[in-house]
Amino acid sequence: HVQLVESGGGSVQAGGALRLSCEASGSTYSYYIMGWFRQAPGKEREGVAAIDSDGSTSYADSVKGRFAISQDNAKKTLYLQIDNLKPEDTAVYYCAADGPLLIDSDDYDCRSHDFDSWGQGTQVTVS
């Protein structure tokens with residue numbers, strides 16, 4: 001499995017922005033899908049965005065326009081830019097990885113993808 005370590009969380013005011021990072025190490029895949037999930041207190045974990053090694057992306061409808069997923073392959077790092085933060089974005093954010101796979105359909109939905117590697121999460125609190 002891939003080892004994943006998230007960073008970049010924190011406490012911010014509504015309207016602010018954060019960039020979360022997820023560094024991958026260990027047995028990384030030559031082609032893959034990586035995703036960001038979040039879990040708010042008392043709620044189930046939900047997928048918010050995914051990207052594959054070719055750069056194809058997928059977003060949950062609830063975050064389109066405010067969240068942007070990207071990656072730096074040389075650094076083996078996944079990013080999630082979150083703009084115009086809202087109190088309802090408060091959650092622990094996790095990154096996940098799976099491979100060898102690619103996003104092969106416009107119908108791909110990270111919320112239903114059973115990723116096999118997970119990070120420990122980073123807390124985002126918006127007030």
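Everything quoted here is computed from the prediction, not taken from an experiment.
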For [X] against [Y], the heavy-atom pair lying closest together:
X: E46; Y: S62; value: OE1-OG, 4.5 Å
X: T122; Y: G9; value: OG1-N, 3.1 Å
X: V2; Y: A24; value: CG1-CB, 3.9 Å
X: R66; Y: D89; value: NH1-OD2, 2.7 Å
X: G47; Y: A60; value: O-CB, 3.6 Å

Taking [X] for its side chain and [Y] for its backbone only, find out whether a donor-acceptor pair lies under 3.5 Å.
X: T125; Y: S11; result: no
X: Y59; Y: G65; result: no
X: S53; Y: Y32; result: yes
X: E6; Y: C95; result: yes
X: E23; Y: T77; result: no
X: S58; Y: Y108; result: yes
X: D54; Y: S56; result: no
X: D83; Y: A17; result: no

Practice prompt. Report the relative orientation of the aromatic rings in W118 and F115; use parallel for angles under 30°, tilted for 30 to 60°, perpendicular for over 60°.
Written response: perpendicular
Worksheet item: Passes side-chain contact (heavy atoms from CB on, under 4.5 Å), V124 versus L20? Steps please.
Response: CA-CA 9 Å; V124 172; L20 307 182; 4.0 Å; yes
Worksheet entry | Option passing side chain to side chain contact (heavy atoms under 4.5 Å, CB included) with Y94 (candidates Q39, Q120, R38) | Q39
As an exercise, state the distance from [atom1] of [X] to [atom2] of [Y], rounded to the nearest 0.5 Å.
X: W36; Y: Y93; atom1: CH2; atom2: OH; value: 10.0 Å
X: M34; Y: L78; atom1: CE; atom2: CG; value: 4.5 Å
X: S21; Y: Q81; atom1: OG; atom2: CD; value: 10.0 Å
X: S127; Y: L85; atom1: OG; atom2: CG; value: 10.5 Å
X: D72; Y: Y79; atom1: CG; atom2: OH; value: 5.0 Å
X: L102; Y: I51; atom1: CG; atom2: CD1; value: 11.5 Å

Item to complete: Taking atom CG of N73 as the centre, report whether more than 12 heavy atoms of other residues, nucleotides or ligands fall under 6.0 Å from it.
Response: yes
Practice prompt. Determine whether more than 12 heavy atoms belonging to other residues, nucleotides or ligands lie under 6.0 Å from atom CD of E44.
Written response: no
Item to complete: Please test I33 against H113 for side-chain contact (heavy atoms from CB on, under 4.5 Å), starting from the C-alpha separation and ending with a verdict.
Response: CA-CA 10 Å; I33 299 174; H113 186 147; 3.8 Å; yes
Worksheet item: Would you call D61 and K64 a salt bridge, using N to O less than 4.0 angstrom?
Response: yes
Discussion item. Let me check something: do I103 and F37 share a hydrophobic cluster, defined by ILVMFWY side-chain heavy atoms less than 4.5 Å apart, either directly or through other members?
Written reply: yes
Practice prompt. Applying side-chain contact (heavy atoms from CB on, under 4.5 Å), run through L80 and F67 and close with a yes or a no.
Written response: CA-CA 7 Å; L80 184 68; F67 286 35; 4.0 Å; yes
